[in-house]
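Before any comments, here is the structure.
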Amino acid sequence: MSANGGTKAIVAALLANVGIAITKFVAFLLTSSSSMLAEAVHSVADSGNQALLLLGGKRAKRAATPEHPFGYGRERYIYAFIVSIVLFSIGGLFALYEAYHKWSDPHGITEWQWVPIVVLVAAIIMESFSFRTAIKESNHVRGNQSWVRFIRRAKAPELPVVLLEDFGALVGLVFALFGVTMTLITGNGEWDAAGTAMIGVLLVLIAIVLAIETKSLLLGEGAEASDVAAIERAVTEGPEVERIIHMKTLYLGPEELMVAAKIGVPACESAQDLARGINAVEARIRAAVPTARVIYLEPDIYSVAAAEAGTGTAADTAAPQPEAERSGG
């Protein structure tokens with residue numbers, strides 16, 4: 001659901017931003033407003049970002065290869081990180097440069113004075129529909145999480161990226177409307193420069209947040225505490241496993257979780273019985289957490305004494321030999 005919802009939100013944002021960018025560029029050509037230029041470039045950057053997210057989603061679906069045995073799911077994270085760089089450089093830094101340029105040579109809006117107001121109001125309306133779509137699709141997967149936690153903990157990057165971009169676009173449009181309106185009222189172009197600078201600072205801050213959160217996904221995040229608890233229950237609720245010696249989880253992609261665990265098993269009469277028990281445990285894990293698609297279980301014989309004295313490796317957690325056998329006596 002998250003992938004389909006993310007694609008729908010991306011397409012809605014892309015269509016909105018293309019239309020908005022065209023109208024903003026027309027308004028800039030008619031009025032020479034720096035706020036309009038900054039917003040136009042912002043919309044172009046957002047359109048490119050949405051195209052990057054769609055490309056990342058498509059490339060992530062490629063089948064695994066010998067060189068990439070776990071597939072290409074993380075490619076969605078890479079493209080989301082590129083989005084943060086584009087937003088920072090093309091959107092934020094350009095707006096700050098344009099604000100500096102306009103502040104150095106301020107001039108009012110003397111022609112087509114009604115155009116930027118109409119364009120900005122229309123852009124706010126179109127961007128609101130895009131933001132509404134992103135919120136609606138996010139609510140399908142957000143559950144009872146706060147918006148801040150959802151953005152910080154979501155494993156699929158598309159919805160958080162579109163949410164932040166749309167939010168930034170709406171706030172940026174308000175800043176642009178403020179700068180243009182004050183310029184029209186006072187005839188002082190420094191208000192236009194101030195609105196442009198506010199847009200630049202906003203985009204830089206959003207880009208930094210995106211970069212930090214996406215970097216964490218690129219480094220590799222484990223399952224949520226609730227999913228870890230569900231996996232632990234699934235492992236230990238049957239007679240096949242006495243206890244979990246240690247376990248690690250890692251997201252290979254937004255919708256593919258790897259589970260690796262060393263498990264203490266009771267003595268078995270045959271390897272066939274052991275294999276049957278492990279298969280049963282894997283089935284319970286997948287039923288409890290459907291995203292757990294790659295599972296590695298290492299059976300071992302648990303020993304309390306060895307576990308307390310050892311480091312958790314197979315040799316340390318195996319049943320200890322008598323002292324005379326270890327010393328060769």
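Remember, it's a predicted structure, so these values are computed and weren't measured experimentally.
- Under a hydrophobic-cluster definition in which Ile, Leu, Val, Met, Phe, Trp and Tyr are linked whenever side-chain heavy atoms come within less than 4.5 Å, directly or via other members, Ile212 and Phe150 are assigned to different clusters.
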The test is side-chain contact (heavy atoms from CB on, under 4.5 Å); show your working for Arg74 and Tyr251 and say whether it passes. CA-CA 9 Å; Arg74 286 196 180 186; Tyr251 271 94; 5.9 Å; no
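- For the pair Val281 and Ile285, the minimum side-chain heavy-atom distance is below 4.5 Å.
- Residues Ile135 and Trp147 have side chains in contact (heavy-atom distance under 4.5 Å, counting atoms from C-beta outward).
- Residues Ile20 and Asp46 have side chains not in contact (no heavy-atom distance under 4.5 Å, counting atoms from C-beta outward).
- To the nearest 0.5 Å, the span separating CD1 on Ile278 from CG on Asp273 amounts to 11.5 Å.
- Across all non-hydrogen atoms, the minimal contact from Asn17 to Ser47 is CB-OG, 3.2 Å.
- In the hydrophobic clustering of ILVMFWY residues, with side-chain heavy atoms under 4.5 Å counting as a link, Val86 and Leu96 come out apart.
- Across all non-hydrogen atoms, the minimal contact from Ala288 to Ala234 is CB-CB, 4.1 Å.
- Rounded to the nearest 0.5 Å, atoms CD1 (Ile10) and CG (Leu54) are 5.0 Å apart.
- In this structure, Glu165 and Val83 have side chains that are in contact, with non-hydrogen atoms separated by less than 4.5 Å.
- Ala64 and Gly71 get closest at one heavy-atom pair: CB-N, 3.7 Å.
- No path of Ile, Leu, Val, Met, Phe, Trp and Tyr side chains, each step under 4.5 Å between heavy atoms, connects Leu37 with Val174, placing them in separate hydrophobic clusters.
- Here the rule is side chain to side chain donor-acceptor pair (under 3.5 Å) with Glu75, and of Lys58, Lys61, Arg59 only Arg59 fits it.
- Annotation: side chain of Thr65 is in contact with side chain of His68 (closest heavy-atom distance under 4.5 Å).
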Using the rule given for side-chain contact (heavy atoms from CB on, under 4.5 Å), can you reason through Arg152 versus Glu213, listing the C-alpha separation, both sets of side-chain angles and the distance that settles it, and then say yes or no? CA-CA 6 Å; Arg152 293 194 61 186; Glu213 297 306 322; 3.8 Å; yes
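- Rounding to the nearest 0.5 Å gives a distance of 13.0 Å between CZ of Arg284 and CD1 of Ile231.
- A 6.0 Å sphere centred on CZ of Arg153 holds more than 12 heavy atoms belonging to other residues, nucleotides or ligands.
- Counted within 6.0 Å of CZ on Arg62, heavy atoms from surrounding residues, nucleotides or ligands total more than 12; the atom is thus considered enclosed.
- With hydrogens and angles ignored, the 3.5 Å screen pairs no side-chain donor or acceptor of Glu256 with any backbone N or O of Gly253.
- When the shell of 6.0 Å around OH of Tyr72 is examined, it contains more than 12 heavy atoms from other residues, nucleotides or ligands.
- At least one side-chain heavy atom of Val228 sits less than 4.5 Å from a side-chain heavy atom of Met247.
- Of the candidates Thr236, Val235, Ile245, Ile263 forms a side chain to side chain contact (heavy atoms under 4.5 Å, CB included) with just one, namely Val235.
- Shortest non-hydrogen contact noted between Ala13 and Val162 is CB-CG1, 4.1 Å.
- Using a 4.5 Å cut-off on side-chain heavy atoms (C-beta onward), Val161 and Glu158 make no contact.
- By the 30° and 60° cut-offs, the orientation of the rings of Phe131 relative to Phe167 is tilted.
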I'd like to know whether Lys155 forms a side-chain contact (heavy atoms from CB on, under 4.5 Å) with Leu217, so could you lay out the CA-CA distance, the side-chain angles of the two residues, the decisive distance to 0.1 Å, and finally the verdict. CA-CA 7 Å; Lys155 305 306 179 186; Leu217 292 170; 4.2 Å; yes
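- No side-chain heavy atom of Leu164 sits less than 4.5 Å from a side-chain heavy atom of Leu87.
- For the residue pair Arg276/Asn279, the side-chain donor-acceptor check at 3.5 Å is not satisfied.
- In the hydrophobic cluster analysis, where Ile, Leu, Val, Met, Phe, Trp and Tyr join through side-chain heavy atoms closer than 4.5 angstrom, Val201 is grouped apart from Phe175.
- Note: the hydrophobic cluster containing Val294 does not contain Val289 (ILVMFWY, side chain heavy atoms under 4.5 Å, direct or indirect links).
- Listed here is the closest heavy atom pair of Ile78 and Leu218: CG1-CD2, 3.7 Å.
- Put simply, OH on Tyr79 and CG on Leu55 are 4.0 Å apart, with the number rounded to the nearest 0.5 Å.
- Atom-to-atom distance recorded for Met258:CE and Ile295:CD1 is 11.0 Å, nearest 0.5 angstrom.
- Considering all non-hydrogen atoms of both residues, Asn188 and Glu190 come closest at OD1-N, 3.0 Å.
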Evaluate side-chain contact (heavy atoms from CB on, under 4.5 Å) for Lys136 paired with Asn139, printing each intermediate quantity in order. CA-CA 5 Å; Lys136 182 179 178 180; Asn139 281 332; 5.6 Å; no
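- Note that CH2 of Trp103 and OG1 of Thr196 are 11.0 Å apart. Values are rounded to the nearest 0.5 Å.
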